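So that the names make sense, note that chain A is the first sequence line, chain B the second, and so on, each numbered from 1. Since the structure is predicted, the reported quantities are computational estimates derived from the model, not experimental observations.
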2 protein chains.
Amino acid sequence: MGVRNASRGPGRPAVPTGAPPTLADVAERAGVSRQTVSNAVNNPDLLRADTLQRVQQAIAELGYLPNRAARNLRTRSSHLIGLRISAAQEGTANATMDRFVHSLVETSRDAGYHVLLFAGEADDPLSGYDDLLRSTAVDAFVVTDTYLGNPQAGWLGSRRAPFVAFGRPWDAPEAHHPWVDVDGAAGCELATRHLLERGHQRVAWIGWRKDSPIGEDRREGWRRALHAQGLSSAGLAARVDDTVTSGAQASAALLDDAAPTGFVCASDTLAMGVLQTLAARGLTPGRDVAVVGFDDSQVAQVVTPGLTSVRQPLEQVAIEIVSALEGLLGHPPRVGDGVLLTPTLAVRGSS
Amino acid sequence: MGVRNASRGPGRPAVPTGAPPTLADVAERAGVSRQTVSNAVNNPDLLRADTLQRVQQAIAELGYLPNRAARNLRTRSSHLIGLRISAAQEGTANATMDRFVHSLVETSRDAGYHVLLFAGEADDPLSGYDDLLRSTAVDAFVVTDTYLGNPQAGWLGSRRAPFVAFGRPWDAPEAHHPWVDVDGAAGCELATRHLLERGHQRVAWIGWRKDSPIGEDRREGWRRALHAQGLSSAGLAARVDDTVTSGAQASAALLDDAAPTGFVCASDTLAMGVLQTLAARGLTPGRDVAVVGFDDSQVAQVVTPGLTSVRQPLEQVAIEIVSALEGLLGHPPRVGDGVLLTPTLAVRGSS
DNA sequence: GCTTCTGCTTGGATCGATCAAGAGCACCGG
DNA sequence: CCGGTGCTCTTGATCGATCCAAGCAGAAGC
């Protein structure tokens, strides 16, 4: 310390030059011990008022901020939250993810955390997690792709790694890790009711194949809304791949066979297919046939009449997730339950 | 150490339980000193072959990975790269950013770095940077929004903070920090030439207002392509805000006044406006009038005939950026020049 | 046989923070 | 006058890795 302090006396300007100031530098300037400075930062209540102010002034003058690495080492926590971004899938789900990441970063900041992004091997859903965990690089994870029936949740659980899932544990309903999800069924019920209220009697469904629990859940919302009005859902549904072409084909077939006046879709991508079919047949979306998508993506906003779409409350999702994380990382840890949020409907020209 | 080692003898199973193994644990198990283990990890060449193998086996058996915090503290580097994500702007630029982040994360991983996301106050372009810098939380930054004439570059430079910019220093051409950018002019020249080759003689431009250097740069590419063919660009250009409506209005006016048969736009958003106008007039994109956008966003891919669009080589951008970062952080630091990459054209139904 | 030279290995110090325990002081009741 | 009780602040140890300089072999040279 001697050498160091000799080179940075109290007369030193506050403008940062060379190495950043350390706790010891602040201590010397304020004429107190290191521990007192540490307390001033972490437990201000312990100090006498005048001492606290003296230390705080020294901190301000030197522009001191605790060294993360040192603090992390001592406290065994990094205040980082790991988020694995999946392989670049150029689908509309992408945009959702982007909005979510934004929200997560901002919410985390307010809670004193930063988000660490990482990528893994495409074929191994677990890669990346293990290294970060063993090297104590992150305090916890946010897991997003729970829908693949993928082993992350169980694996992380067995390692006692703190994590919160965005998405229900579809495969294992009895799982007792915290999760936050959006109620897709409620969203589609909302969308369907919206069309029914506008006078539509025959509202069709275009969703994903049966092996997708999310798709089945959303479909259930559509069915529920119809049945609540005493309407039949028979013959009004299609289950296809999540592509524009599939949506176009499915809607063409449904128009021919069942003559629906409205479509509720499991995704904006499928809805775009419907719009394509309508255009090809000279039908005007919103006037002749109503269309509702899901995700409120970029596309829904810029497409010509505007696409009505179910919008996930991702800001709220982020808030709930961070709240759950704070619980997990608190002392003592508090393990919350699952949280299910209700989406809203962004109404545009297509309905 | 004594207590700790007593509780985790050599017979310890490899399955992680409780605290992760430390370098000292590995050393004891392999019957060597800590430094030898450290060398086995960081400078394997220094060890005799049989010793190295013994150590590596111990590492594998214990599942040892160096503690990040401890390593960071000692080496004064975190192997983290900071990336500030701008306020959630729901524009097509969003999608570009998303693709870029993906690429950056993957490329960084291969170079041994992770990406730390952070947010700042919306009104202060510098907030967030300072804290991370002073707390030595990141080794370097990637700066993305250089177009606002914003002070980040200069500020970071004056603090001697290592950073690489995605985007040219438009305001300060003589700036000597490393940057990587995409040649917008070349992209638009490519797009325009593409239309000219398809027989179009009158190709119009719809771009941003004059205060955007990026917009002017892209416009220059369009102009260059026309002039190269001895064609005039007079009366064929509009400068408007980056919205669908503006694009629609501008294209309508241009169609009335100058009867172009093709449009090159500064963004996919504007191009969507053109498509809207064409639809309203009963014109078929691609057959009657050609349209080219910029960014190859989600929208370009799912819109009905498919929107031809200039695609930025973001994967390559990420590679160049990480390479520049490695230079900056190397010993001795190597400061590279600016790198300008040429985009490609994703041809679809609209042309 | 003794010295010198590599080359691997070793204990100790260090990075900058926090934890745990102790020391100095004023104030209180006995 | 003394021991106890807070309150405030200080000292020494510690987290787990890497840097440093010294130690200790074995091989080569005289």
Asker: Can a salt bridge be assigned to the pair A/D130 and A/R134 using a cut-off of 4.0 Å between side-chain N and carboxylate O?
Answerer: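 Yes.
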Asker: Quick one: closest heavy-atom pair of A/Q152 and A/L126, and the distance?
Answerer: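 Heavy-atom minimum between the residues: CA-CD2, 3.8 Å.
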Asker: Once you apply a heavy-atom cut-off of 4.0 Å, does A/T75 come out as touching a base, just sugar-phosphate, or nothing?
Answerer: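 Sugar-phosphate: the residue A/T75, judged by heavy atoms under 4.0 Å, touches backbone atoms but no base.
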Asker: Rounding to an integer number of Å, can you tell me how far A/R34 CZ sits from D/dC15 P?
Answerer: 16 Å
Asker: Are A/R334 and A/E326 within salt-bridge range, i.e. N to O under 4.0 Å?
Answerer: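 So A/R334 does not pair with A/E326 through a salt bridge.
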Asker: Has the side chain of A/R74 got a donor or acceptor atom sitting under 3.5 Å from an opposite partner on the base of D/dT14?
Answerer: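 Between D/dT14 and A/R74, which were checked side chain against base, a qualifying N/O pair under 3.5 Å is present.
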Asker: Taking only the side-chain nitrogens and oxygens of B/N42, find out if one of them lies under 4.0 Å from OP1 or OP2 of D/dT18.
Answerer: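 Yes, within the criterion.
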Asker: For the pair made of CG in B/L46 and C1' in D/dC19, what is the distance, rounded to whole Å?
Answerer: 13 Å
Asker: Rounding to a whole Å, what distance do you find between B/L65:CG and D/dA17:C1'?
Answerer: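 These atoms are roughly 13 Å apart.
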Asker: So, for B/P178 and B/V335, which heavy atoms are closest and what is the spacing to 0.1 Å?
Answerer: CD-CG1, 4.1 Å
Asker: From CZ of A/R76 over to C1' of D/dA17, roughly how many Å is that when rounded to an integer?
Answerer: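 Checked: the CZ to C1' distance equals 13 Å.
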Asker: Expressed in angstrom and rounded to an integer, what is the separation of B/Q35 atom CD from D/dC24 atom P?
Answerer: 17 Å
Asker: Looking at B/L328, B/I81, B/V143, B/L325, which hits side-chain contact (heavy atoms from CB on, under 4.5 Å) with B/F163?
Answerer: B/V143
Asker: By nearest heavy atom, map B/L73 and B/V32 onto DNA chain C; which one lands nearer the 5' end?
Answerer: B/V32
Asker: I need the CG-P distance between B/L23 and D/dC15, as an integer number of Å.
Answerer: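 Roughly 14 Å, once rounded to whole Å.
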Asker: Taking 4.0 Å as the cut-off, does a side-chain nitrogen or oxygen of A/S38 come that near to OP1 or OP2 on C/dA17?
Answerer: no
Asker: Would you say B/R48 reaches C/dC8's phosphate, i.e. side-chain N/O to OP1/OP2 under 4.0 Å?
Answerer: no
Asker: Whole-Å distance between C/dA17 C1' and A/N72 CG?
Answerer: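 These atoms are roughly 10 Å apart.
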Asker: Figure out the CG/P separation between B/N43 and C/dT9, and round it to whole Å.
Answerer: 13 Å
Asker: Think A/T22 has a side-chain N or O under 4.0 angstrom from the OP1 or OP2 of C/dG16?
Answerer: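 For A/T22, the contact criterion (side-chain N or O under 4.0 Å from OP1 or OP2 of C/dG16) is not met.
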